[in-house]
Amino acid sequence: MKAVNVKLLDVRGLTDITDAMIVASGNSDRHVRAIADRVLEKAREAGRRPLGVEGTRDNEWVLVDLQDVLVHVMLPRVREFYGLEKLWDMTATKRAARA
């Protein structure tokens, strides 16, 4: 399963709950679920135990919590509506301004 429009967000220094967020899109609710399932499968193969998974009932936005990495797999319309990239993407310039 290949996710669409994958973006890695470095959120160190912005929050204590995680170091990074991965935001990706799926083309349908089945695609979103399949991507999330593959993330879980690969995490387990790597010896990582997910802390939790949310959103698998509707599969419009599935969150996989891998402790130091949060993986958000979303339908494009949901991703656009919530705008996580705009909320969490802090360039070095913006980070320096906050310090």
Participant: Nearest 0.5 Å, please: how far is CZ in Arg38 from CD in Glu45?
Facilitator: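 That separation rounds to 8.5 Å.
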Participant: Looking at every non-hydrogen atom in both residues, tell me the closest pair between Pro76 and Gly26 and how far apart they are.
Facilitator: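 Heavy atoms only, the tightest pair is CD-O, 3.2 Å.
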Participant: Say you draw a straight line from CG of Leu63 to CE of Met21; how long is it, rounded to the nearest 0.5 Å?
Facilitator: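 One finds 9.0 Å between CG of Leu63 and CE of Met21.
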Participant: Would you kindly confirm whether Leu51 and Val73 end up in one hydrophobic cluster when ILVMFWY residues are joined by side chain heavy atoms under 4.5 Å apart?
Facilitator: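 Looking at the clustering, Val73 is in a separate group from Leu51.
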Participant: If you compare all heavy atoms of Asp10 against all heavy atoms of Leu14, which two are closest, and at what distance to 0.1 Å?
Facilitator: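 Heavy-atom minimum between the residues: O-CD1, 4.4 Å.
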Participant: Show me the pairs that pass salt bridge (charged side-chain N to carboxylate O under 4.0 Å, His left out) and involve residues 52-67, at least two apart or across chains.
Facilitator: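 Every pair satisfying salt bridge (charged side-chain N to carboxylate O under 4.0 Å, His left out) with a residue in residues 52-67: Glu60-Arg77.
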Participant: Looking at every non-hydrogen atom in both residues, tell me the closest pair between Pro50 and Leu40 and how far apart they are.
Facilitator: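 Minimum heavy-atom contact is CG-CD2, 3.4 Å.
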Participant: Rounded to the nearest 0.5 Å, what separation is found between the CE atom of Met74 and the CZ atom of Phe81?
Facilitator: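 It comes to 10.5 Å.
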Participant: Is the closest basic N to carboxylate O distance between Arg33 and Asp37 below 4.0 Å?
Facilitator: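 Yes.
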Participant: Hey, could you give me each pair passing ring-ring contact (aromatic ring centres under 6.0 Å, His included) that has a residue in residues 41-79? Not counting sequence neighbours.
Facilitator: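 For residues 41-79: Trp61-His72, Trp61-Tyr82.
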Participant: Please report the closest heavy-atom contact between Ile22 and Val6, naming both atoms and the distance.
Facilitator: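 Nearest heavy atoms, Ile22 then Val6: CG2-CG1, 3.9 Å.
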Participant: Let me check something: do Val4 and Leu84 share a hydrophobic cluster, defined by ILVMFWY side-chain heavy atoms less than 4.5 Å apart, either directly or through other members?
Facilitator: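 No, Val4 and Leu84 fall in different hydrophobic clusters.
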Participant: Between Leu75 and Ser28, what is the shortest heavy-atom contact and its length?
Facilitator: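 Looking at all heavy atoms of both residues, the closest pair is CD2-C, 3.4 Å.
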Participant: Just jot down the salt bridge (Lys or Arg N to Asp or Glu O under 4.0 Å) partners of Arg44, sequence neighbours excluded, or say none.
Facilitator: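 Partners of Arg44 under the salt bridge (Lys or Arg N to Asp or Glu O under 4.0 Å) test: none.
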Participant: Once salt bridge (Lys or Arg N to Asp or Glu O under 4.0 Å) is applied, do any residues pair with Asp19, and if so which ones, sequence neighbours excluded?
Facilitator: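 For Asp19 there are no salt bridge (Lys or Arg N to Asp or Glu O under 4.0 Å) partners, ignoring immediate neighbours.
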Participant: So, do Asp68 and Arg12 sit near enough that their side-chain heavy atoms are less than 4.5 Å apart?
Facilitator: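 No, every pair of side-chain atoms sits at 4.5 Å or beyond.
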Participant: Residues in side chain to side chain donor-acceptor pair (under 3.5 Å) with Ser25, at least two apart?
Facilitator: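 With neighbours one apart ignored, the set is Arg79.
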Participant: Sequence neighbours excluded, which residues qualify as side chain to side chain contact (heavy atoms under 4.5 Å, CB included) partners of Val62?
Facilitator: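 Only Val32, Ala36, Val53, Thr56, Asn59, Val64 meet the side chain to side chain contact (heavy atoms under 4.5 Å, CB included) criterion with Val62.
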